Amino acid sequence: MLIARVVGSAVSTVKAGKLTGLKLLIVQEVTTSNELRSDRVPIVAVDTVGAGEGELVFVITGSSARYTDLTEGVPVDASIVAIVDSLEVGGKETFRKA
Amino acid sequence: MLIARVVGSAVSTVKAGKLTGLKLLIVQEVTTSNELRSDRVPIVAVDTVGAGEGELVFVITGSSARYTDLTEGVPVDASIVAIVDSLEVGGKETFRKA
Amino acid sequence: MLIARVVGSAVSTVKAGKLTGLKLLIVQEVTTSNELRSDRVPIVAVDTVGAGEGELVFVITGSSARYTDLTEGVPVDASIVAIVDSLEVGGKETFRKA
Amino acid sequence: MLIARVVGSAVSTVKAGKLTGLKLLIVQEVTTSNELRSDRVPIVAVDTVGAGEGELVFVITGSSARYTDLTEGVPVDASIVAIVDSLEVGGKETFRKA
Amino acid sequence: MLIARVVGSAVSTVKAGKLTGLKLLIVQEVTTSNELRSDRVPIVAVDTVGAGEGELVFVITGSSARYTDLTEGVPVDASIVAIVDSLEVGGKETFRKA
């Protein structure tokens, strides 16, 4: 799972029928200290947990993106599956949700 | 999903039978402000939504590319599944379809 | 799908049984103008369309490589599924098969 | 499988239901001599073997991450499937678990 | 399929049950002339063909790694499926097994 921040959102009217009703968010990978990784490309992920802009989330990519309750059989390759409360690296807390 | 622009198209006569009748477009990743990413390689994706050259689209890759109505069981690893109306990053609209 | 050129071939006697009889070609990614991308690593793909050395082809990777008539259930992760006739980018033909 | 070191852990309350009860660890790729690869991004993986911080592990990514006893049908794309006892490269032992 | 050389091996006692009895080898990508690619990270792959250290092999990654007789349903994402006899690029033999 990628550690990413929700940085925006996307709107699309003409799309695969199975995507109807799904919220599409723009996410970008961050370090474990929540700094944006400028060397990473933002991608679009389906939100399955009610994430909001600015929140740190876990994003799964590939076929597993279809294994949430909202995305079964849906043509998506990236899904937000968790909102991060806290991260700890090397015994130190590097991120805690405000 | 990748954020990409349709930059061209491809023609192939000799191909896997299941590809017959599918439109093959060349897409290249763009920034959320619709600038081509020169560090990204153009790829060929099956168009499932009637996208036209110059349009911003979402491209799914991997096994999920087979999960549209047009591509079930078809040997494709990239499908265009949406035409982008608008993108918003950090509270600002960075792209709107003309 | 990757845009690639067939640059060579491979021979293997000791291999997974299901690979028996499949032609293994070495392909390398090219630009839409058919220039080899030196920053890309050649990979080995199963030929499912009778491609020959020097030809431009489309290569699918991942699970979809198993979805051709020749590769169903076979342990392969890259298959050549089309021979390219022509490519067009930005309204200009950038490649046409000789 | 990636060779990685467990460098931390993650806590999430709001998440896909099927992730409930799974331990989420932060792992980073290392060389075969157990040096962190600074050019690699830490990812979050489900622990299926009781790995602890500092241990060297093997991480599988993609659909196979769902093929452990703990993760069947779960939306995860990275699972820790083994704790490394030792690695040998070129006839020399490059790592042995303390 | 990646062109790789077997450079070492790995031992693990604590692992997913389905991995029991499988040989885990360390492989690193090589050029078609069998030079190690220093820009590529060694990965761990399951040996399904009796490969030995120093041999050139083909490695499949992703879900297809589970499609050999030895790895069906096993949580692995990289399998060695062939030992390379010879490679030919541009009409010249670039590698032949000793």
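Model, not experiment: these values are computed from the prediction. Per chain, numbering begins at 1; letters A, B, ... match sequence-line order.
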Checklist entry - Non-hydrogen atoms of chain E under 4.5 Å away: do they reach the side chain of Arg40(D), the backbone, both or neither? => result side chain

Next on the checklist: Can you tell me which portion of Ile26(E) sits under 4.5 Å from chain D's heavy atoms? Options are side chain, backbone, both or neither.
Outcome noted: side chain

Checklist entry - Tell me, side chain or backbone of Arg96(D) under 4.5 Å from chain E's heavy atoms, or both, or neither? => result neither

Item to check | Heavy-atom closest pair, residues Val49(D) and Val14(E) | outcome: O-CG1, 3.6 Å

Checklist entry - For chain D, which of Ser63(E), Ala45(E), Ala65(E) has the most heavy-atom pairs under 4.5 Å? => result Ser63(E)

Checklist entry - Between Gly90(D), Gly50(D), Gly62(D), Ala51(D), which residue shows the highest count of heavy-atom pairs closer than 4.5 Å to chain E? => result Gly90(D)

Checklist entry - Checking Val30(D) against chain E: side chain, backbone, both or neither under 4.5 Å from a heavy atom? => result neither

Checklist entry - Of all of Thr32(D), Val84(D), Thr61(D), Ile60(D), which one pairs up most often with chain E through heavy atoms under 4.5 Å apart? => result Ile60(D)

Item to check | For Ile3(D) against Pro42(E), the heavy-atom pair lying closest together | outcome: CD1-O, 4.3 Å

Checklist entry - Is the backbone N or O of Ser64(D) less than 3.5 Å from a side-chain atom of Asp77(E), with the two atoms forming a donor-acceptor pair by type? => result no

Checklist entry - Under a 4.5 Å cut-off applied to non-hydrogen side-chain atoms, are Lys15(E) and Val81(D) in contact? => result no

Checklist entry - Tell me, do Phe58(D) and Leu19(E) make a side-chain contact under 4.5 Å, heavy atoms counted? => result no

Item to check | Glu29(D), part contacting chain E, at a heavy-atom distance under 4.5 Å | outcome: side chain

Item to check | Smallest separation among heavy atoms of Lys18(E) and Tyr67(D), with atom names | outcome: NZ-O, 2.9 Å

